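Some notes on the structure that comes next.
Excluded from the calculations below are hydrogen atoms, water molecules and symmetry mates; all remaining heavy atoms, backbone and side chain alike, are included. A, B, ... follow the sequence lines: proteins, then strands. Residue 1 opens every chain. Just so we're clear, the structure is a prediction, and the values are computed from it rather than from any experiment.
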Protein chains: 2
Amino acid sequence: MDRSADPPPEARAIAELVDRLGRVVRAGEHQGGLNPAQWEALRYLARCNRFSNTPGALARYLAATKGTVSQTLNALERKGLIERRPDPASGRVVRLLLTRAGRALAAKDPLIQLATAAAGCDRRVRAAAADVLADMLAALQRANGLVPFGVCRTCRHFRPHAPNGAPHWCALLDERLSEADSRSICVEHSPLAA
Amino acid sequence: MDRSADPPPEARAIAELVDRLGRVVRAGEHQGGLNPAQWEALRYLARCNRFSNTPGALARYLAATKGTVSQTLNALERKGLIERRPDPASGRVVRLLLTRAGRALAAKDPLIQLATAAAGCDRRVRAAAADVLADMLAALQRANGLVPFGVCRTCRHFRPHAPNGAPHWCALLDERLSEADSRSICVEHSPLAA
DNA sequence: CTCCTTTGGTATCGAGTCGATACCATTAGG
DNA sequence: CCTAATGGTATCGACTCGATACCAAAGGAG
């Protein structure tokens with residue numbers, strides 16, 4: 001890791017652009033009474049499935065410590081956007097639920113601004129860029145021993161059923177998955193391809 | 001801006017990936033006794049030209065307020081990484097200079113990890129991705145009334161000279177530019193193409 | 001059924017970010 | 001010359017963030 005070949009210039013350019021874009025986006029995420037960290041937590045809770053709505057999962061998703069996340073959750077709870085509820089099955093797990101107000105605010109996610117900024121390019125170019133970024137994220141996560149996450153549809157444990165309304169299935173947790181579930185983020189996600 | 005066409009799904013995907021990548025990178029930027037904000041400032045000061053090494057320019061670059069940046073500079077100064085020096089020409093401008101220690105630390109920028117994560121892809125794909133990200137950044141900056149920044153070489157005021165060592169020229173500030181200058185970041189940057 | 005370790009979560013501390021506001025110099029414009 | 005506008009700094013309050021310490025529930029292994 002010490003001197004192992006300097007990365008090529010376009011790679012450096014991508015790194016700087018990602019860093020810079022992230023910076024500008026964060027600057028724009030001081031809205032609706034939330035700060036960037038709180039938006040990220042709220043966004044996750046709005047997009048994750050019912051197996052992944054816990055403080056621990058959020059901490060892994062954000063690559064932060066449990067303590068940090070717990071504080072951010074305190075802030076969101078104080079603002080009436082989320083609710084902490086004990087898990088019926090396990091006595092130490094806490095389930096995080098969006099309140100009505102939380103759901104409403106999540107719909108006004110300022111990240112949409114970034115998405116519209118990307119909407120200008122050609123669709124195929126966009127898709128290619130998304131692939132590159134996804135690869136980078138995966139590489140970064142692998143290098144740092146982080147959990148990959150991802151939506152159910154792209155998981156190796158996902159078992160799709162007949163397309164006519166029948167529910168899908170998770171072979172790992174042995175649970176039914178609705179159509180919405182299949183597009184939600186899961187802690188247990190394990191990528192399809194090697 | 002209220003209901004003007006939801007962005008297409010790949011655009012949303014890119015936005016989420018950028019946000020997420022930025023998050024993971026930030027998490028990895030707690031190194032060398034600095035925090036992410038301090039790294040960003042140090043990085044800028046290591047890459048900007050002699051017209052742009054001021055607190056105000058840094059604030060615009062980071063899309064932050066002057067006050068916030070001033071505090072981060074306090075931290076860097078306390079750590080002996082930068083030096084504040086009055087401008088000889090103007091009595092209210094402060095020039096920011098990296099100390100020897102600052103330069104040494106800037107060479108160990110943790111952002112390199114992200115660059116190596118990007119190095120795995122094909123070179124042409126990388127270049128395309130970089131283009132998309134650059135377009136997004138420009139769009140975002142335009143939408144928020146931010147200064148674009150950029151390196152001299154790509155500026156409309158840049159006048160290259162004969163390639164045999166002769167210095168370049170800035171038509172706006174009427175100043176000589178060394179080869180290194182031409183690759184440095186400038187506040188006055190104005191993109192070439194329309 | 002006990003120990004004991006692991007796991008999920010929270011509280012507290014200190015350094016620091018960040019926007020907001022207020023403020024002070026210097027400079028530029030009428 | 002007087003009045004903006006500009007470049008910087010200080011202070012405040014809410015909050016992030018890692019580190020550390022801590023607690024209770026769960027899971028083994030004997």
B:Gln38 CD to D:dG18 P, straight-line distance once rounded to whole Å: 14 Å
Protein-nucleotide distance (A:Glu29, atom CD; C:dT17, atom C1'), rounded to Å: 15 Å
B:His30 side chain, from C-beta outward: closest of D:dT9, C:dG16, D:dG18: D:dG18
Sugar-phosphate only, base, or nothing, as touched by A:Arg23 at under 4.0 Å among non-hydrogen atoms: sugar-phosphate
Passing candidate, side chain to side chain contact (heavy atoms under 4.5 Å, CB included) with B:Leu177, options B:Cys152, B:Pro160, B:Ser184: B:Cys152
Distance in angstrom units between B:Arg85 CZ and D:dG7 P, rounded: 21 Å
Below 4.0 Å: OP1/OP2 of D:dG8 and any side-chain N or O of B:Asn74: no
Contact under 4.0 Å: A:Asn35 side-chain N or O vs D:dT16 OP1/OP2: yes
Any B:Val18 side-chain heavy atom under 4.5 Å of B:Leu133 side chain: yes
Short side-chain N/O contact from B:Gln71 to OP1 or OP2 of C:dA15, under 4.0 Å: no
Spacing of B:Leu81 atom CG relative to C:dG16 atom P, expressed in whole Å: 12 Å
Sugar-phosphate, base or nothing in reach of A:Arg95, heavy atoms under 4.0 Å: nothing
Minimum heavy-atom distance between B:Pro55 and B:Val69, given as atom pair plus value: O-CG1, 3.8 Å
Sugar-phosphate, base or nothing in reach of A:Arg78, heavy atoms under 4.0 Å: sugar-phosphate
Whole-Å distance separating the CG atom of A:Leu58 from the P atom of D:dT16: 12 Å
Distance, rounded to the nearest Å, where B:Lys66 contributes NZ and C:dC24 contributes P: 14 Å
Whole-Å distance separating the CD atom of B:Gln31 from the P atom of D:dG18: 12 Å
Side-chain N or O of B:Lys79 closer than 4.0 Å to phosphate OP1/OP2 of C:dG16: yes
N/O (side chain, A:Ser70) to phosphate O (OP1/OP2, C:dG9) under 4.0 Å: no
Quiz item: cation-pi between B:Arg20 and A:Phe149, 6.0 Å / 45°: yes
N or O in side chain of B:Thr68 less than 4.0 angstrom from C:dC18 OP1/OP2: no
Under 3.5 Å donor-acceptor, A:Asn144 side chain and A:Leu146 backbone: no
Salt-bridge contact B:Arg43-A:Asp19 (side-chain N to carboxylate O under 4.0 Å): yes
Distance below 4.0 Å between B:Arg84 side-chain N/O and D:dT9 OP1 or OP2: yes
Please list, pair by pair, any protein nitrogen or oxygen found under 3.5 Å from a nitrogen or oxygen in nucleotides 28-30 of chain C.
none

B:Thr54 side chain near D:dG8 phosphate (N/O to OP1/OP2, under 4.0 Å): yes
Sugar-phosphate, base or nothing in reach of B:Ala64, heavy atoms under 4.0 Å: sugar-phosphate
Single hit among A:Arg153, A:Arg176, A:Arg47, A:Arg50 for salt bridge (charged side-chain N to carboxylate O under 4.0 Å, His left out) with A:Asp181: A:Arg50
Side-chain N,O (A:Thr72) to OP1/OP2 (D:dT16) below 4.0 Å: yes
Enclosure of B:Arg12 CZ (heavy-atom neighbours >12, cutoff 6.0 Å): no
Residue-phosphate contact under 4.0 Å: A:Thr65 side-chain N/O, D:dG18 OP1/OP2: yes
A:Pro55 or B:Gly91, whichever maps to the more 5' nucleotide of DNA chain C: A:Pro55
B:Ser90 vs C:dT27: side-chain N/O to OP1/OP2 distance below 4.0 Å: yes
Check: A:Lys79/A:Gln38 side-chain N/O donor and acceptor closer than 3.5 Å: yes
Atom-pair distance (CD on A:Glu40; C1' on D:dC15), nearest Å: 14 Å
